[in-house]
Every structure is written in structure tokens, then in C-alpha cells.
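Positions are given from 1, in the same order as the sequence printed here.
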Amino acid sequence: MDTTMIEITDNEFLRQYQCEFDGALAKIEYAQQERKIFLTKLIIPEVLEENPTFKDDFLKAVFADIRDNKKLKVVPTHPKIAGFVRKHRNEYKEMLPVGISI
């Protein structure tokens, strides 16, 4: 799977990124404060959890949108999102606020 195949939507009303894939809806809930976006909850339906690359591809697409469009610092408060950042530390460390280490 490739992130270009994943279409995400920033549902600002519900404060969540979402992606409909294979008839299921994956979501990342967030809160914005000052120049930071807190990624607070990751919800991936079981049918998508079975896809070995979906979670990483979804997260890469969300991080790309934040980097390119929102220009905010990212605070990953959900353990699975923090784990993703840890795994891809070199790629995303500049997106973390000063003083936050994952």
C-alpha cells in the first residue's frame, strides 16, 4: 500500500482526520492549542488492522498533511501514534515541539 492511495480528510468540525478504506472508517482525533496539534486517539477498525501497512500509511498521510498544510508542531499523546513517531524518529523529529521526546 502506498500513501498516495490513502485519501484522508480533515474533519475540522469533529476534530479528526479520517480515512475511508475498504468500507471502514479509520480516525485520529486531535485537539489544537496555540501552534500545536495533539493527536489524542487512534481508531482503526478491525478489518483495517488486519492490513499490515494500513496504520503506518494512514499515519504518514496525516503527518504529511500536518507538515504541508497546518505547519503545526505535533504532540502524539496516543501510545500507538507515539510508537509510530519513535519508529520513524528521523523523519518526524522536527515536527515535535521543543522539549518533547518520544
Side-chain angles (χ1 to χ4, degrees):
M1 192 180 300
D2 178 1
T3 52
T4 55
M5 293 176 58
I6 289 196
E7 279 193 42
I8 61 165
T9 304
D10 180 3
N11 185 332
E12 292 181 17
F13 180 72
L14 294 176
R15 291 190 310 271
Q16 67 187 19
Y17 278 98
Q18 51 196 48
C19 173
E20 193 165 336
F21 194 82
D22 284 347
L25 186 66
K27 304 182 273 192
I28 294 177
E29 296 177 3
Y30 65 81
Q32 275 184 249
Q33 185 178 352
E34 296 168 2
R35 299 289 304 142
K36 297 181 190 87
I37 185 165
F38 294 80
L39 303 179
T40 58
K41 193 169 189 182
L42 173 65
I43 301 165
I44 297 182
E46 197 173 314
V47 66
L48 295 178
E49 279 281 3
E50 294 168 4
N51 181 320
T53 62
F54 177 80
K55 183 179 76 172
D56 278 6
D57 290 340
F58 178 41
L59 287 165
K60 285 177 186 176
V62 168
F63 273 76
D65 183 73
I66 293 168
R67 177 189 290 139
D68 299 341
N69 300 321
K70 293 194 182 301
K71 314 253 190 280
L72 299 171
K73 294 295 185 181
V74 177
V75 181
T77 60
H78 189 277
K80 286 186 179 178
I81 299 172
F84 168 80
V85 173
R86 203 173 297 115
K87 191 165 89 173
H88 301 279
R89 188 181 314 263
N90 291 337
E91 194 172 343
Y92 299 113
K93 67 182 172 190
E94 82 285 350
M95 294 180 71
L96 299 174
V98 174
I100 298 286
S101 64
I102 299 293

Report task. To the nearest 0.5 Å, tell me how far Tyr30 OH sits from Leu39 CG. Result -> 10.0 Å
Report task. Calculate, to the nearest 0.5 Å, the distance between atoms OG1 and NZ belonging to Thr53 and Lys60 respectively. Result -> 8.5 Å
Query raised in the report: Are there more than 12 heavy atoms of other residues, nucleotides or ligands under 6.0 Å from atom CD of Glu50?
Result: yes
**Report entry** hydrophobic_cluster_shared for Ile81 and Leu72, side chain cutoff 4.5 Å
**Finding:** yes
Query raised in the report: What are the two closest heavy atoms between Asn11 and Leu14, and how far apart are they?
Result: OD1-N, 3.0 Å
Query raised in the report: What is the distance from atom CD of Gln16 to atom CG of Leu42, rounded to the nearest 0.5 Å?
Result: 11.5 Å
Query raised in the report: Would you call the rings of Phe84 and His88 parallel, tilted or perpendicular, where under 30° means parallel and over 60° means perpendicular?
Result: tilted
Query raised in the report: Under 3.5 Å, side chain of Asp22 to main-chain N/O of Ala24, donor-acceptor pair present?
Result: no
Report task. Might you point out which heavy atoms bring Cys19 and Ile8 nearest each other, and give the distance in Å? Result -> CB-CG2, 4.3 Å
Requested in this report: Keeping the roles fixed (side chain from Lys71, backbone from Asp68), state whether a donor-acceptor pair exists under 3.5 Å.
Outcome: yes
Query raised in the report: Can you check side-chain contact (heavy atoms from CB on, under 4.5 Å) on Thr9 and Glu7, steps first, answer last?
Result: CA-CA 7 Å; Thr9 304; Glu7 279 193 42; over 6 Å; no
Report task. Could you grab the distance from atom CD of Gln18 to atom CG of Leu25, nearest 0.5 Å is fine? Result -> 5.0 Å
Query raised in the report: Can you tell me how far CD of Glu20 sits from CD1 of Ile6, rounded to the nearest 0.5 angstrom?
Result: 13.0 Å
Query raised in the report: Would the number of heavy atoms belonging to other residues, nucleotides or ligands and lying under 6.0 Å from NZ of Lys87 be above 12?
Result: no
Query raised in the report: Which is it for Phe38 and Gln33 under the side-chain contact (heavy atoms from CB on, under 4.5 Å) test, yes or no, and what are the steps along the way?
Result: CA-CA 8 Å; Phe38 294 80; Gln33 185 178 352; 3.9 Å; yes
**Report entry** Residues, nucleotides or ligands: over 12 heavy atoms within 6.0 Å of Arg15 CZ
**Finding:** no
Report task. Output the distance between atom CD1 (Ile28) and atom NZ (Lys55), rounded to the nearest 0.5 Å. Result -> 10.5 Å
Query raised in the report: Among the clusters formed by ILVMFWY side chains lying less than 4.5 Å apart, do Leu96 and Val75 turn up in the same one?
Result: no
Query raised in the report: Do Leu48 and Ile43 share a hydrophobic cluster (ILVMFWY, side-chain heavy atoms under 4.5 Å, transitive)?
Result: no
Query raised in the report: Under 4.5 Å between any side-chain heavy atoms of Lys36 and Val74, yes or no?
Result: no
Requested in this report: Return yes if a side-chain donor-acceptor contact under 3.5 Å exists between Tyr17 and Asp65, otherwise no.
Outcome: yes
Report summary line: On a heavy-atom basis, the closest approach of Val85 and Phe63 is CG2-CZ, 3.5 Å
Query raised in the report: Which side-chain hydrogen bond (donor to acceptor under 3.5 Å, both in side chains) pairs, counting each pair once, include a residue from residues 72-81, with sequence neighbours left out?
Result: none
